[in-house]
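Presented below is the structure to which this report refers.
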Amino acid sequence: LYYQVLNFAMIVSSALMIWKGLIVITGSESPIVVVLSGSMEPAFHRGDLLFLTNFHDDPIRAGEIVVFKVEGRDIPIVHRVIKIHEKEHGNIKFLTKGDNNEVDDRGLYKEGQNWLEKKDVVGRARGFLPYVGMVTIIMNDYPKFKVCI
């Protein structure tokens, strides 16, 4: 039993070290995310696993897919930048929209907020694996499934 506990602790600590390493390498607080909705279809589908980077010197451009957090919402949103509003001193604000949505995301932002800023960005999509994240979605949608595993 002692060796099983030790082995489990080593696996958990290795996973944490890999995760922290990815955070440092990618510059993103969450280097891997799962797409939870169909708002970005056909580019990304529900269950796709996205790999993110968030380098601060890298400018945000229209057409880029970003993952952002909005104050008051726990879950980050994956949408495309559709408009950039450049201000003096290199500051930018931008507007996002899901490819599969009819309207832009202003209705998702916090009340009174019309633009996102770089501080709202968790990361930018750099690659993906299709449907690999479905396990996460199934475990969230069907909590009893977690018990079976």
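Fair warning: this is a prediction, and the values are worked out from it, not measured in the lab.
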### Message
Just so I know, are the side chains of Leu129 and Phe51 near enough to count as touching, which here means a heavy-atom distance under 4.5 Å?
### Response
yes

#### Entry: Atom of Pro31, atom of Leu22 and distance for their closest heavy-atom approach
CG-CB, 3.7 Å

### Query
In terms of hydrophobic clustering (I, L, V, M, F, W, Y; side-chain heavy atoms under 4.5 Å; direct or indirect links), are Leu36 and Met40 co-clustered?
no

### Message
Can you confirm whether the side chains of Ser30 and Ser28 place a donor and an acceptor under 3.5 Å from each other?
### Response
no

Would you tabulate the side-chain donor-acceptor contacts of residues 69-77 under 3.5 Å, counting partners in other chains and residues two or more places apart, or write 'none'?
| from | atom 1 | to | atom 2 | distance (Å) |
| --- | --- | --- | --- | --- |
| Glu71 | OE1 | Lys110 | NZ | 3.3 |
| Arg73 | NE | Leu108 | O | 3.2 |

### Message
Keeping Arg46 on the side-chain end and Ser37 on the backbone end, is there a donor-acceptor pair under 3.5 Å?
### Response
no

### Query
Should Val122 and Val34 be counted in the same cluster of Ile, Leu, Val, Met, Phe, Trp and Tyr side chains packed under 4.5 Å apart?
no

### Message
I'd like to check the ring pair (Phe, Tyr, Trp, His ring centres under 6.0 Å) partners of Phe44; sequence neighbours left out, ordered by chain and number.
### Response
Phe128

### Minimum heavy-atom distance Ile137-Val35, with the two atoms named
CD1-O, 3.5 Å

### Task
Decide yes or no on side-chain contact (heavy atoms from CB on, under 4.5 Å) for Leu50 and Ile32, but give the supporting numbers first.
CA-CA 6 Å; Leu50 299 183; Ile32 299 170; over 6 Å; no

### Query
Roughly how far, to the nearest 0.5 Å, is CD1 of Ile60 from CD of Glu117?
10.0 Å

### Task
Give, for atom NZ of Lys83 and atom CH2 of Trp115, the distance between the pair rounded to the nearest 0.5 Å.
5.5 Å

### Query
What side chain to side chain donor-acceptor pair (under 3.5 Å) pairs are there with at least one residue in residues 91-108, not counting sequence neighbours?
His79-Asp105, Arg80-Asp99, Thr96-Asp105, Thr96-Tyr109

### Query
To which residues is Leu16 joined in a hydrophobic cluster, defined by side-chain heavy-atom contacts under 4.5 Å among Ile, Leu, Val, Met, Phe, Trp and Tyr, whether direct or through other members?
Phe8, Val12

### Rounded distance (nearest 0.5 Å) linking atom CG of Leu49 with atom OG1 of Thr136
7.5 Å

### Query
If you measure from CZ on Phe94 to CG on Leu116, what distance do you get to the nearest 0.5 Å?
4.5 Å

### Query
Among the clusters formed by ILVMFWY side chains lying less than 4.5 Å apart, do Ile23 and Ile18 turn up in the same one?
yes

### Query
With hydrophobic residues grouped by side-chain heavy-atom distances under 4.5 Å, do Val78 and Val132 end up in a single group?
no

### Message
Test of understanding: clusters of I, L, V, M, F, W, Y form through side-chain heavy atoms closer than 4.5 Å, transitively. Do Ile84 and Ile65 belong to the same one?
### Response
no

### Contacts of type ring pair (Phe, Tyr, Trp, His ring centres under 6.0 Å), residue Trp19, not counting sequence neighbours
none

### Task
Determine which pairs satisfy salt bridge (Lys or Arg N to Asp or Glu O under 4.0 Å) with at least one residue from residues 47-60, sequence neighbours left out, and list them in order.
Asp58-Arg124, Asp58-Arg126

### Query
CG of Asn114 to CG of Leu95: how many Å apart, nearest 0.5 Å?
8.5 Å

